Amino acid sequence: MTTQNLLVELFVEELPPKALQKLGDAFATVLGDQLKSQGLASAASVVTPFASPRRLAAHVTAVADKAADKAVQQKLMPVTVGLDKDGNATPALLKKLQALGADVSNPAAAVAALKRAQDGKAEALFYDSVVPGATLAAGLQKALDEAIAKLPIPKVMSYQLETDCELPGWTSVNFVRPAHGLVALHGSTVVPVKALGLTAGNSTQGHRFEAAVSPVVLADADSYAATLQKDGAVIASFAERKAEIARQLAAAAAKVGNGARPIEDEALLDEVTALVERPNVVICQFEEQFLGVPQECLILTMKANQKYFPLLDAAGKLTNKFLVVSNISPEDTSFVTGGNERVVRPRLADAKFFFDQDRKKTLASRVEGLGKVVYHNKLGTQGERVERVRAIAKAIATQLGDAALVADADQAALLAKTDLVTDMVGEFPELQGIMGGYYALNDGLGETVAHAIEDHYKPRFAGDALPRNTAGVVVALADKLETLVGMFGIGNLPTGDRDPFALRRHALGVIRMLVEKDLPLNLNALLAGAVPAFGDKITDASAQLADFIYDRLAGSLREQGYSAQEVDAVLALRPQRLALVQKQLAAVRAFAALPEAPALAAANKRVGNILKKAEVEGPVDAHVNPALLQEQAEKDLFAALQRFVPEANAQFDAGDYTASLQTLAVLRSPVDAFFDDVMVNAEQMDVRMNRLGLLKSLHEAMNRVADLSRLAA
């Protein structure tokens, strides 16, 4: 058995750029895994993916020409079924052996070759055989078929191939794009596999216009990338092509000077990498008059429509220069430069036209138009939604600030959605909010309101900035709460991966604002306060929504490094001031490190169970009559509570949760003694209720920061 490196390439028409990297990685991964599972490649074999606009390929090291034979033991049937009373083979056994390819010409010898072993309660017959290892041709065919079948193809197309046989005809093929070539090289030897109506060879095609030869003949598997680059003018590796584009972008920006830098956009870089085979970055420019249009509009139209890289200056402001990643490298690039400059000009002119037209009407004059835009068939129009957001925002602003904040938040909430009916946002929906901020400044509304309008969608995604001012926070909170309360109120909840109204993202946005802005707002009151704004359109689902928000908070905290046990202990109390949760978690972590913690957590769990059982018959009052304390252990516990709980409560009220829990750690000894020496369920009812009251007092004192019973092992 000899091993050599293997190269497989599928040459196709232009692949969908946004899916290219995923397709290339999937093709190589499945191909490699299949070869390894068949024993043709080992765990140490290295799989390298290649993906360009017109090819998917994989290079696999140390692939054998034939897999090792494998000894296999197969259970046939119980002895009572396979052998008669004289020990001879039954027809059923002979038939089974024949199906497995065993020699049954001498039944006695065939039976003698079998093994007998206990299988559960019965004895069974086992057949030992050697399964020949797969040949590379057969194994690669299976691996290639599997790799093609498992490609994450966004959309399959069907095309016709002429059949290669004596009788002419056509066969239908389904694939992401029409395939035109297949390469399979084991070392320098062609492996005779087929796929998509193609037979493997050792040649492929290079760049459409700049290949030195056609076809490009590959000497062996290891020369694939170098030969394609030299003879075919193609950088086959997606990663290498991406790195080369990034290098050329940086070099071109440095050539422009003045601290210029290309805009950072990983998704755009990936897409452009998937569009070119040999990148060549050129510098272009547009007329400076267009810089009067908000730079977000110009950047978006250049990126989304043309796949250009806008250049920013050292201060982050857009310049009138941009970079184009061309797929050709002519000696004279003026045609490439001029062509791209001509193409972008009407795009920028459209943006300027929309901006100029939109500014002819104030945002206030557009409010009425929102009444004609349907938001949701059960929740009415955007106009109705605006009034709900205003009502919620007014209630929040009243709690957080003075009349000025209420006025600013109300005006921002009234106008926040008006840019949805502007020409610019109609053309570029991604600019909603941003354009509202620009138009608010144009209307003379001032930065506070303009920033609040611009920021009210924030945070739009994980890691996004929060609104800049308090009015923006108020409107953003109101906007997200309106969506959450409304959707939960009509039963429109996320299911599995489906979350069309981004309710999970909205919930995380509410959490981030409450926590990071340290807002003194009660979560339950916030949710309940938003419900009346809907009138009779919804049912009150505040409790269900609160659970949803706490679930999102729990997930977020675990991602930040807190243990599930710590998070569970704190959130079990359903803390209303979310901004304090991390302080509570820090206190729980410090408490859990104390030597007294395990015993107190276990005792807390025991107390909780006792009280739960007792409260089935009626509520237990946290009141203790010292005159009814009989045992020394209960007197000592009561004395300890009297001495240390006021101190712990004062520390809790001052926000020092860590000190509060550490103060209560001294209760370990009296608590242990109480459970050792005192019978809680005394026969005398007044004594029993007094002891339950003592435990209730202990439970309330111990569980203000977190439910410590959740820390018990």
Side-chain angles (χ1 to χ4, degrees), residues 524 543 565-566 568-576 584 587-588 590-713:
N524 285 350
Q565 201 175 34
E566 291 167 340
D568 189 33
V570 172
L571 297 191
L573 300 185
R574 286 294 191 263
Q576 293 301 298
Q584 292 171 269
V588 166
F591 173 78
L594 299 175
E596 299 89 347
L600 281 172
N604 212 280
K605 188 172 184 178
R606 185 174 178 182
V607 170
N609 290 336
I610 291 170
L611 292 173
K612 192 182 295 181
K613 191 172 181 181
E615 286 174 341
V616 171
E617 299 176 7
V620 175
D621 184 20
H623 174 74
V624 180
N625 181 354
L628 291 173
L629 298 173
Q630 298 176 349
E631 304 290 342
Q632 188 58 45
E634 60 182 325
K635 293 177 182 177
D636 291 345
L637 178 57
F638 178 67
L641 289 176
Q642 293 292 98
R643 178 180 174 187
F644 294 108
V645 169
E647 182 184 349
N649 285 344
Q651 291 163 332
F652 179 90
D653 293 338
D656 193 349
Y657 303 139
T658 301
S660 179
L661 282 179
Q662 290 177 339
T663 296
L664 293 171
V666 300
L667 295 176
R668 177 191 171 174
S669 294
V671 168
D672 286 349
F674 177 89
F675 282 116
D676 286 342
D677 301 343
V678 178
M679 174 70 71
V680 176
N681 291 323
E683 290 186 13
Q684 293 173 258
M685 182 57 70
D686 55 350
V687 173
R688 182 195 303 177
M689 294 307 296
N690 201 53
R691 289 174 179 172
L692 287 171
L694 180 61
L695 291 182
K696 182 81 169 183
S697 301
L698 171 67
H699 198 258
E700 289 183 354
M702 291 293 297
N703 291 286
R704 294 193 72 187
V705 175
D707 181 354
L708 298 184
S709 69
R710 306 294 178 108
L711 301 178

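Values in this document were obtained by computation on a predicted structure and should not be read as measured data.
Counting non-hydrogen atoms of neighbouring residues, nucleotides and ligands closer than 6.0 angstrom, the CZ atom of R574 exceeds 12 such neighbours.
Nearest heavy-atom pair, L573 versus N703, reported as atom, atom and distance to 0.1 Å: CD1-O, 3.1 Å. S709 and D707 make their closest contact through OG-OD1, 2.6 Å (heavy atoms, listed as atom of the first residue, atom of the second, distance). Across all their heavy atoms, A712 and Q565 have their closest contact at O-NE2, 3.7 Å. In terms of heavy atoms, A640 sits closest to L667 at CB-CD2, 3.6 Å. Closest approach of V680 to R688, counting heavy atoms only: O-CG, 3.5 Å. Taking both residues in full, the closest heavy atoms of N524 and Q576 are given as N-OE1, 2.7 Å, listed atom of the first, atom of the second, then distance.
Between atom CG of residue L637 and atom CD of residue Q642 there is a gap of 10.5 Å, rounded to the nearest 0.5 Å.
Legend: side chain to side chain donor-acceptor pair (under 3.5 Å) pairs involving residues 669-687, not counting sequence neighbours, sorted by first then second residue: R668-D672. Pairs passing the ring-ring contact (aromatic ring centres under 6.0 Å, His included) check and including a residue from residues 614-646, sequence neighbours excluded, do not occur.
The closest side-chain heavy-atom distance from V705 to V570 is not below 4.5 Å. The closest side-chain heavy-atom distance from L664 to F652 is not below 4.5 Å. Using a 4.5 Å cut-off on side-chain heavy atoms (C-beta onward), E596 and Q662 make no contact.
Residues satisfying the side chain to side chain donor-acceptor pair (under 3.5 Å) criterion with T663, sequence neighbours excluded, are Q651.
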